[in-house]
Amino acid sequence: MNKKSYVSILVVIITYIITRIVYKLTGFSYSFSEGILNIKLLIDLGLWIIVAVLVSTALNKILSNI
């Protein structure tokens with residue numbers, strides 16, 4: 001596995017951890033019984049995208065200095 005594969009795996013793991021922490025702090029939860037396409041799902045996806053972009057950018061900057 002090359003460096004890019006490790007970064008991708010790290011981004012997913014760190015993003016999952018950060019989003020779970022945010023969910024615990026805010027009490028955010030939803031279920032699919034409310035419907036497949038609802039506002040909570042969009043909030044969840046938005047949070048994942050924002051956190052993933054931030055984590056990816058941070059890891060790339062950190063690893064480019066090594």
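Given the structure is predicted, the values throughout are model-derived calculations rather than measurements.
The line from CH2 of W48 to OG1 of T15 is 6.0 Å long, rounded to the nearest 0.5 Å.
In this structure, L47 is not a member of the same hydrophobic cluster as I49, with clusters built from ILVMFWY side-chain heavy atoms closer than 4.5 Å. Follow the hydrophobic side-chain contacts under 4.5 Å out from I14 and you never reach I62; the two are in separate clusters.
The hydrophobic cluster of I36 has no other members, since no ILVMFWY side-chain heavy atom comes under 4.5 Å of it. Here I50 sits in one hydrophobic cluster together with L54; the rule is ILVMFWY side chains under 4.5 Å apart, joined directly or through other members.
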### Message
L41 vs N38, test: side chain to side chain contact (heavy atoms under 4.5 Å, CB included). Steps then yes/no.
### Response
CA-CA 6 Å; L41 176 66; N38 58 34; 3.4 Å; yes
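With sequence neighbours excluded, the residues satisfying side chain to side chain contact (heavy atoms under 4.5 Å, CB included) with I17 are I13, I21. Shown here are the side chain to side chain contact (heavy atoms under 4.5 Å, CB included) partners of L63, two or more places apart in sequence or in another chain: K3, V7, I66. Residues satisfying the side chain to side chain contact (heavy atoms under 4.5 Å, CB included) test with T57, not counting sequence neighbours, are V53, K61. Under the side chain to side chain contact (heavy atoms under 4.5 Å, CB included) criterion, F28 pairs with Y23, T26, Y30, K40, I43, D44, not counting sequence neighbours.
For the side chain to side chain contact (heavy atoms under 4.5 Å, CB included) with V55, the lone residue among I18, L10, V12 that qualifies is I18.
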